[in-house]
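Beneath this line is the structure, given in structure tokens, with notes to follow.
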Amino acid sequence: MNKMVLEAGDTAFVLICTAMVMLMTPAVGLFYGGMVRNKNIISMIALSFISLAIVTIQWVTIGYTLSFGHDIGGLIGGLDYIGLKGVGMDGDGIPDILFMAFQLVFAAIALAILTSGVAERIKLSSFIVFGLLWTTLVYDPLAHWAWGGGWAHSMGALDFAGGTVVHISSGFGALALSFVIGKRIGFGKYSMEPENITTTLLGGALLWFGWFAFNAGSALAADGLAANAFVVTLISAASGALTWMGASWIKGKPSSLGMISGAIAGLVAITPACGFVGPLESIIIGGSAGILCYGTLLFRIHKKFDESLDAWAIHGVGGLFGALATGVFAVAAIGGVDGLIYGNVGQFIIQGIDAFVAVGYSFVMTYILAKIIDKTIGLRVTEEEEYVGLDVAQHGESMEL
Amino acid sequence: MNKMVLEAGDTAFVLICTAMVMLMTPAVGLFYGGMVRNKNIISMIALSFISLAIVTIQWVTIGYTLSFGHDIGGLIGGLDYIGLKGVGMDGDGIPDILFMAFQLVFAAIALAILTSGVAERIKLSSFIVFGLLWTTLVYDPLAHWAWGGGWAHSMGALDFAGGTVVHISSGFGALALSFVIGKRIGFGKYSMEPENITTTLLGGALLWFGWFAFNAGSALAADGLAANAFVVTLISAASGALTWMGASWIKGKPSSLGMISGAIAGLVAITPACGFVGPLESIIIGGSAGILCYGTLLFRIHKKFDESLDAWAIHGVGGLFGALATGVFAVAAIGGVDGLIYGNVGQFIIQGIDAFVAVGYSFVMTYILAKIIDKTIGLRVTEEEEYVGLDVAQHGESMEL
Amino acid sequence: MNKMVLEAGDTAFVLICTAMVMLMTPAVGLFYGGMVRNKNIISMIALSFISLAIVTIQWVTIGYTLSFGHDIGGLIGGLDYIGLKGVGMDGDGIPDILFMAFQLVFAAIALAILTSGVAERIKLSSFIVFGLLWTTLVYDPLAHWAWGGGWAHSMGALDFAGGTVVHISSGFGALALSFVIGKRIGFGKYSMEPENITTTLLGGALLWFGWFAFNAGSALAADGLAANAFVVTLISAASGALTWMGASWIKGKPSSLGMISGAIAGLVAITPACGFVGPLESIIIGGSAGILCYGTLLFRIHKKFDESLDAWAIHGVGGLFGALATGVFAVAAIGGVDGLIYGNVGQFIIQGIDAFVAVGYSFVMTYILAKIIDKTIGLRVTEEEEYVGLDVAQHGESMEL
Amino acid sequence: MKKITAIIRPEKLETVKEDLAEKGFNAMTTFDVKGRGEQKGICLQFRGKRNLIDMIPKIQIDIVVKNDEVETVIQTIKQSARTGKIGDGKIFVSPVEMVVGIRAEEYITE
Amino acid sequence: MKKITAIIRPEKLETVKEDLAEKGFNAMTTFDVKGRGEQKGICLQFRGKRNLIDMIPKIQIDIVVKNDEVETVIQTIKQSARTGKIGDGKIFVSPVEMVVGIRAEEYITE
Amino acid sequence: MKKITAIIRPEKLETVKEDLAEKGFNAMTTFDVKGRGEQKGICLQFRGKRNLIDMIPKIQIDIVVKNDEVETVIQTIKQSARTGKIGDGKIFVSPVEMVVGIRAEEYITE
Ligand SMILES: Nc1ncnc2c1ncn2[C@@H]1O[C@H](COP(=O)(O)OP(=O)(O)O)[C@@H](O)[C@H]1O
Ligand SMILES: Nc1ncnc2c1ncn2[C@@H]1O[C@H](COP(=O)(O)OP(=O)(O)O)[C@@H](O)[C@H]1O
Ligand SMILES: Nc1ncnc2c1ncn2[C@@H]1O[C@H](COP(=O)(O)OP(=O)(O)O)[C@@H](O)[C@H]1O
């Protein structure tokens, strides 16, 4: 880390990875859009694009410096890079400005994932205000803790590609948000089946594609570590797809939605671990995540939580599991750190502390922010708007099917 | 530029970028396809694929050499590279043949954008003939002027990634074409609302994704300049999405179509500028483009021009604005040239001359070509074919929805 | 090949290529999904995802070592790499583990292509069992023969990117499979028109995009050879699209489905040749493939074979033609070997032997495997399940259009 | 025989189907429609302006029954499709003169 | 009461709706259909061969009105859906015996 | 006049259309529906459990004809839509009181 020269191969890699991760944000929109009733499909996809747009502006003005500015008390970054001041075209291996962009697209997707909790009932204007606050007050601190020199980083917590920062934050945030905004009208009484599964599968395919960039790109270099991250990502996704499908097959028919949800669960769980574990561990991690997240989904339905599109079950619980699994399965030969099964109890405890603090922080802060928005400008559309659907009510548009 | 050795990092970058730009051509088809009536969606998408196919053959036989052969009078390239003679697997940084391919996919997308002006009424056979002529007589000269050593290049006009060559040419060409072919039957009387907005959003997502390759790839190297181009591209898109959405919100509901159109406007406007301006300028350029292109669209509707899918408003006017904005905002620290705000009046004038000549040339030449085609083999389908829709009438296919 | 050091540019290139090839597997699902009746669209897409998932697990446990373990009698690889033992993060140019992943995604897409032969009537559980067996007993040996040091490799057969290994195997396999499983109920009597052509075009676009990685990536380095492979891939696709479209135009209207099928035919045919021929040869190869595969499709319909989505006509026959064409058109200046037209009769004969053995092996083995499955657990759903559609019958899901 | 045409909320389809099945009415044909009632659709407030939502997605259910079953079917649908809120839907009854099964040789005329 | 079923060009839906609303007829149900008239669809020339376009997308509008309103509705639709060109569409009138509102306790029989 | 409503298998639409056209019946309106008959849909076996497939996609064909043509149309449809297997469909006949062409000044009342 003391060469100050650009490496074209690494730069090429991270440039393309950044574009691929950017594509994941609309992909979240497609993935979610296929799962809502047709009257809300445009709204659901648009929320992802809007997440990308507002987080982009937030990040280049204030977000990047809050996350990666000089550390203040382990908690937040200073304002050194405000408005990207001093973030230039040169850098160490890759251009600084590229590192900034790579981090930006992570922040964008976190917000997009969060929309699961408010699907089919959020007021667009309130979402924009909420989104800016959430990124600033929830995401940015978490990014700083893990990657910007904050306390978690100092403590030695491992989060290779953002299991804690991106997935725990958005998953548990979505749960909090769903509690504040309340259930959809008719939830549990009306049928609210996914109406456009091919759109969800398309979104899932693009997510899977982009996830290679998300995980392998986090090596920030085109090297063996990136290749390892790539491979375990692929394996974990496959493993999760098969176990979720298998588990649901026992109860009924194996839906394609279960299969793709399992793949996403596997992808989430391997995210923090992908720089620290090898292929065989990734079969276990992905496979366990598939079953665990499927169980969490059943639990959510049983509890009648309307965390509508299961960001909590998949990203929240999957991310939490991944953080702990990293502490269990880490292999020193790959990422330099051993996990619990190699006797390193300390690392497991560190992972636990890191993950549960993130769970608590993101749940509580999201809850508070959502409450404030709800009490002031109102989070939710009116009953009539919900009835006609957000496509028409919020965007004045509809699909002609 | 006097090393004659390949750089693997740069080659890797431009290889992938070329694939990503190729994907933009079908993406234009999806983007447009979602905006037409369902009876023309296949036709609209197919026109993009066909653009790619015919331009590929045109380019490798004659187009590349007309654009990049040795300069003849500042106007056109010589026939040195006819049939790719002498375009080999080695080169300077990247293989010559790869540079050729990267340029090819730019030519293809320009023709695809042009189909906006003839949506839902062009005769397929005539489009193929017209497309070959247009690429040869409009696109190739413009590419030569800017990048092949032509007069604009000599004059010092800046067009980093093709604002003039690709977007002005196709945008103003589309306007001319729409004048020649005439309005769709019932235009202004029937409602012709977009019928498949999720397809448009998907196309928009893929365009946004590919645009990183379009702009950053134009650096032809994986370096700091590419990273800068990448970042300003992302910012300008976000900024354009937000201002168009905001402006339309004042008048009514913020449609997702407005949001994505604003993003495209921002992407177009930053295209010529992306190697010359920094992040803060890109917020301004993208934001202004969003508002300006939205205003142009309103003007077009008011004037009852049936340039049906707004290539003129977004690509034409956005590209023109971007060319001028490059002359205003260029920062020497980034691309070596200062703009108007740093006192370089000359550059602004050069940009103006370049852009307006391109506007005039592409509008007039497209108009003449379209007239010739129309008088000879006829540009337009019959009234009955238009009524049943081009999917059935031209392709013998239809969607079963 | 005796440097044992990683090259970042090459590694970056192959990493991204692997992700792009992975995307082709869901793309096959979309491509096929648009061609079946709406009641089977989810099933068709899901089969591709499931192919990816099961082949991933198969490959990392046993498939890779069977293909690339030390050669046993020219026929199969030994178990040296079982469970990826010894496949590490370092390597020669690119990490070994990355090479493994690049090969993995090829194996996955081959199985996905095969689903053409059983569209709208396969039992999911049987497909999973069959898929595991097919990959192990058909695909893995073929991969070993061509690339893992087997007899075809020793003989000097040329297959740059898998025309024989991927396309002949899956195309002729699909034909065998369709014979064993039998025709769809009502085939030839009911109309079974493609119902969702835009989905097919989207799948086609993603396939075309990914194919650059498939072919150029097979250079395993970001160099001139990769660039050449990229360019001829693009040209051949364009040429195939135009000739198929033209040929079908003579008989009726030029469907977009014909256009995209021609592009795929061109892509298939250039696959084995792309490291051995130049641009002009690729126009001929792609163009001939378009016409040949279209003719094969007409022949299949005439013969009333229900190889439902034409994997045989396009991948099988296209791949066979490509293998032979490689022996005809190879240019020593590009890939070091001359073909028939430069007087090298031997190479042509080698290509013929290689291709026809692959045809025979994959057809016969697939037939036998399918028969065994059919006699034991049954390949096909019940008549009632077929009637209601596999989406509901196998997955318990349906599209709400 | 009569054809009962009910235009209901999409979300209520499952309930209506179940309740009808319980009463022994399995046969039916459904399709997606858009509609508005007398009050001319739903009126959303938007920046103080009345903003009319024109046509709302609904599901139409057609059930052909014997004359003496009409009342039961209507009552069942009324009960299970009702939410008490705007947009609950309408039921129309119209005459059917003949029913013919395509497979069996059945002919019912009334 | 009568049900008026109009099958019109998709492009004319907006106009028809507006004109009906002006005359006080707001309530209606619409859905997408495909159809052809007596002349057996539209016949396109293609390489000299007659090329029949079979079924053209249309929109069906169902409006249930009182008997004495039938004429007004028909005239209104005729005027606003008309282009004078092939494919303008058709209107059918059929009897409706009862209308029941699901929400309110309304029952209309005529 | 009568409206003949046939609910058939999607796969049989082409055959039915051709056979009707041969007999001189070109005009028709079609749309996609879902439906189930008396036997309450199709019942798939799944792990020993009865697994009900509720509503199957069908196509509805509406044809308005003169009274004396009803029988021919019904017979034609019966023959060409029949496979003898479950799900062949049903035909309903209901009265139509008036037919109005939008383009021409035609009015047919019977
Ligand atoms: N007179 C009518 N003619 C045809 N369809 C009607 C009529 N009245 C109501 N409908 C249909 O019934 C649906 C529900 O009616 P109602 O509950 O009155 O409407 P709303 O949704 O406005 O509350 C409408 O959306 C429309 O499809
Ligand atoms: N006898 C009929 N029965 C059922 N539907 C009919 C009948 N005649 C016409 N239609 C419907 O009305 C539509 C318009 O009819 P018309 O204007 O005569 O047809 P065209 O579109 O061929 O000009 C047709 O597309 C069809 O949906
Ligand atoms: N009584 C009825 N009312 C309305 N629609 C009916 C009725 N009976 C049958 N249908 C329609 O006719 C279709 C075919 O009927 P039938 O052949 O009896 O059903 P199945 O598909 O269960 O064999 C059904 O799917 C349904 O759409």
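Reminder, nothing fancy here: chain letters follow the sequence lines and each chain counts from 1.
The most heavy-atom pairs under 4.5 Å with chain C, out of B/I54, B/L98, B/T56, B/V60, come from B/T56. Residue with the most contacts toward chain C among B/L6, B/I16, B/I41, B/L104: B/I16 (heavy-atom pairs, distance under 4.5 Å). Note: B/L52 leads B/D90, B/L84, B/L52 in heavy-atom pairs under 4.5 Å with chain C. Among the candidates C/I235, C/I334, C/T233, C/I283, the residue making the largest number of heavy-atom pairs closer than 4.5 Å to chain B is C/I235. Most heavy-atom pairs under 4.5 Å with chain B: of the set C/F230, C/W211, C/F212, this distinction falls to C/F230. The residue among B/V105, B/I57, B/T199 with the most heavy atom pairs within less than 4.5 Å of chain C is B/I57.
Of the possible polar contacts, one joining the B/E397 side chain to the C/L257 backbone as a donor-acceptor pair under 3.5 Å is found.
Side-chain contact between C/L202 and B/L202: present, with at least one pair of heavy atoms (C-beta onward) separated by less than 4.5 Å. Proximity of C/W249 to B/S125: side-chain heavy atoms (C-beta onward) are separated by under 4.5 Å at one or more points. Here the side chains of C/M245 and B/I50 are in contact, with some heavy-atom distance below 4.5 Å.
Heavy-atom minimum distance, B/A12 versus C/G9: CB-O, 3.4 Å. The two residues B/L23 and C/A205 make their nearest non-hydrogen contact at CD1-O, 3.9 Å. Across every non-hydrogen atom of B/L15 and C/A227, the tightest pair is CD2-CA, 3.9 Å. Taking both residues in full, the closest heavy atoms of B/A8 and C/D10 are given as CB-OD1, 3.6 Å, listed atom of the first, atom of the second, then distance. Between B/A53 and C/A238, the closest heavy-atom pair is O-CB, 3.6 Å. Shown here for B/F49 and C/L201, the closest heavy-atom pair between the two residues is CZ-O, 3.4 Å.
We find the NZ-CD distance between C/K253 and B/Q394 to be 7.0 Å, quoted to the nearest 0.5 Å. B/L47 CG to C/S256 OG: the interatomic distance, rounded to the nearest 0.5 Å, is 10.5 Å.
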Exercise. Do C/D223 and B/M89 pass the side chain to side chain contact (heavy atoms under 4.5 Å, CB included) test, and can you show the C-alpha distance, the side-chain angles, and the key distance before you say yes or no?
Worked result: CA-CA 8 Å; C/D223 56 13; B/M89 283 158 59; over 6 Å; no
